[in-house]
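Start at 1 with the first residue, then count along the sequence. In this text the structure is predicted, and so the values were computed from the model without any measurement.
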Amino acid sequence: QVQLVESGGGLVQAGGSLRLSCAASGRTFSTYVMGWFRQAPGNEREFVAAISWSGGSTSYADSVKDRFTISRDNAKNTVYLQMNSLKPEDTAAYYCAARLGSRTSDFQRYAYWGQGTQVTVSS
């Protein structure tokens with residue numbers, strides 16, 4: 001079992017940057033694939049990025065590729081999402097999630113979820 005707590009959300013102007021963090025409990029963090037998802041009001045939960053247990057492999061949604069970077073520090077039990085060149089359409093609640101197995105963009109395959117952190121991008 002792993003518990004996840006996101007932080008780092010807030011209000012930023014278009015073109016700005018934010019870094020989200022997700023702190024995980026448990027000694028087995030390094031065995032989990034980690035993902036970031038987002039959900040805007042009235043929309044379905046959307047894949048943003050995922051990273052392998054080692055950090056050696058990553059994947060991104062086309063909408064954030066070249067602007068967002070996912071990374072992890074297994075010594076700190078933390079996964080990050082660096083978000084640059086933010087756009088108003090990036091406004092959403094951002095969630096981190098964990099699963100055992102391979103990277104996937106399917107949110108239904110992630111067993112553990114944080115409570116979310118709000119990101120609002122003003123135009």
Side-chain angles (χ1 to χ4, degrees):
Q1 185 117 3
V2 60
Q3 294 182 324
L4 306 172
V5 179
E6 302 96 335
S7 62
L11 173 64
V12 63
Q13 288 188 331
S17 298
L18 282 174
R19 188 175 82 155
L20 305 184
S21 299
C22 174
S25 65
R27 293 177 292 177
T28 58
F29 173 75
S30 62
T31 64
Y32 286 87
V33 164
M34 300 299 297
W36 284 98
F37 293 80
R38 66 187 182 186
Q39 189 168 18
N43 290 359
E44 293 187 350
R45 193 158 295 193
E46 176 188 20
F47 170 73
V48 176
I51 189 166
S52 63
W53 63 269
S54 68
S57 298
T58 58
S59 52
Y60 297 91
D62 287 343
S63 59
V64 307
K65 202 171 294 184
D66 299 326
R67 297 189 298 123
F68 290 11
T69 303
I70 188 171
S71 62
R72 67 190 295 163
D73 185 338
N74 287 341
K76 295 183 178 180
N77 280 15
T78 303
V79 62
Y80 305 97
L81 185 68
Q82 178 67 43
M83 305 185 295
N84 298 330
S85 302
L86 282 161
K87 304 175 182 180
E89 50 263 44
D90 294 319
T91 295
Y94 282 71
Y95 300 86
C96 70
R99 71 181 303 266
L100 294 171
S102 58
R103 285 177 295 124
T104 177
S105 61
D106 184 353
F107 74 90
Q108 294 181 322
R109 294 180 177 269
Y110 286 79
Y112 304 104
W113 291 85
Q115 83 290 347
T117 186
Q118 179 67 35
V119 171
T120 303
V121 184
S122 63
S123 56

Please report the shortest heavy-atom distance between [X] and [Y], naming the atom on each side.
X: S25; Y: N77; value: C-ND2, 4.3 Å
X: F47; Y: A61; value: O-CB, 3.3 Å
X: A14; Y: P88; value: CB-CD, 4.1 Å
X: T117; Y: G9; value: OG1-N, 3.2 Å

Is there side-chain contact between [X] and [Y], with heavy atoms separated by less than 4.5 Å?
X: M83; Y: S17; answer: no
X: L100; Y: V33; answer: no
X: F68; Y: I70; answer: no
X: V12; Y: T120; answer: no
X: L81; Y: R19; answer: no
X: C22; Y: W36; answer: yes
X: T91; Y: V119; answer: no
X: F29; Y: R72; answer: yes

Discussion item. With clusters defined by side-chain heavy atoms of hydrophobic residues (ILVMFWY) lying less than 4.5 Å apart, directly or transitively, does L4 cluster with W53?
Written reply: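 Different clusters.
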Worksheet item: Same hydrophobic cluster for V48 and I51, using side-chain heavy-atom links shorter than 4.5 Å among ILVMFWY?
Response: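 Looking at the clustering, I51 is in the same group as V48.
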Discussion item. Looking at G116, is its backbone amide N or carbonyl O close enough to the side chain of E6 to form a donor-acceptor pair, meaning the two atoms are under 3.5 Å apart?
Written reply: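 Flag set: sc E6 to bb G116 pair under 3.5 Å.
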Worksheet item: Which value, rounded to the nearest 0.5 Å, describes the distance between R103 atom CZ and S59 atom OG?
Response: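 Going from the CZ atom of R103 to the OG atom of S59 covers 4.5 Å.
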Practice prompt. Report the distance from atom OH of Y110 to atom SG of C96, rounding to the nearest 0.5 Å.
Written response: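 Reported to 0.5 Å precision, the distance equals 11.0 Å.
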Worksheet item: Using 4.0 Å as the upper bound for N to carboxylate O, is an ion pair formed by D90 and K87?
Response: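 D90 and K87: not salt-bridged.
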Worksheet entry | From D106, T104, V2, residue fulfilling side chain to side chain contact (heavy atoms under 4.5 Å, CB included) relative to R99 |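 Testing each of D106, T104, V2 against R99, the sole residue satisfying side chain to side chain contact (heavy atoms under 4.5 Å, CB included) is T104.
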Worksheet item: So Y80 and L20, side-chain contact (heavy atoms from CB on, under 4.5 Å) or not? Walk me through it.
Response: CA-CA 6 Å; Y80 305 97; L20 305 184; over 6 Å; no
Practice prompt. Classify the angle between the aromatic ring planes of Y32 and Y112 as parallel (below 30°), tilted (30 to 60°) or perpendicular (above 60°).
Written response: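 Answer is perpendicular, since the angle exceeds 60°.
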Discussion item. Tell me whether the rings of F37 and W113 are parallel (<30°), tilted (30 to 60°) or perpendicular (>60°).
Written reply: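 The rings of F37 and W113 sit tilted, inter-plane angle from 30° to 60°.
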Fill in: Distance-only donor-acceptor check, side chains S85 and R67, under 3.5 Å
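Judged by distance alone, the side chains do not pair up.
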Item to complete: Examine the side chains of T78 and D73 and answer whether a donor and an acceptor come within less than 3.5 Å of each other.
Response: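 The criterion, which ignores hydrogens and geometry beyond distance, is not satisfied for D73 and T78.
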Worksheet item: Near Q3 CD, under 6.0 Å, is it more than 12 heavy atoms from other residues, nucleotides or ligands?
Response: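 No, the 6.0 Å shell around CD holds no more than 12 heavy atoms from other groups.
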Fill in: Selection residues 39-49 - residue pairs positive for salt bridge (charged side-chain N to carboxylate O under 4.0 Å, His left out), sequence neighbours left out
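For residues 39-49: R38-E46.
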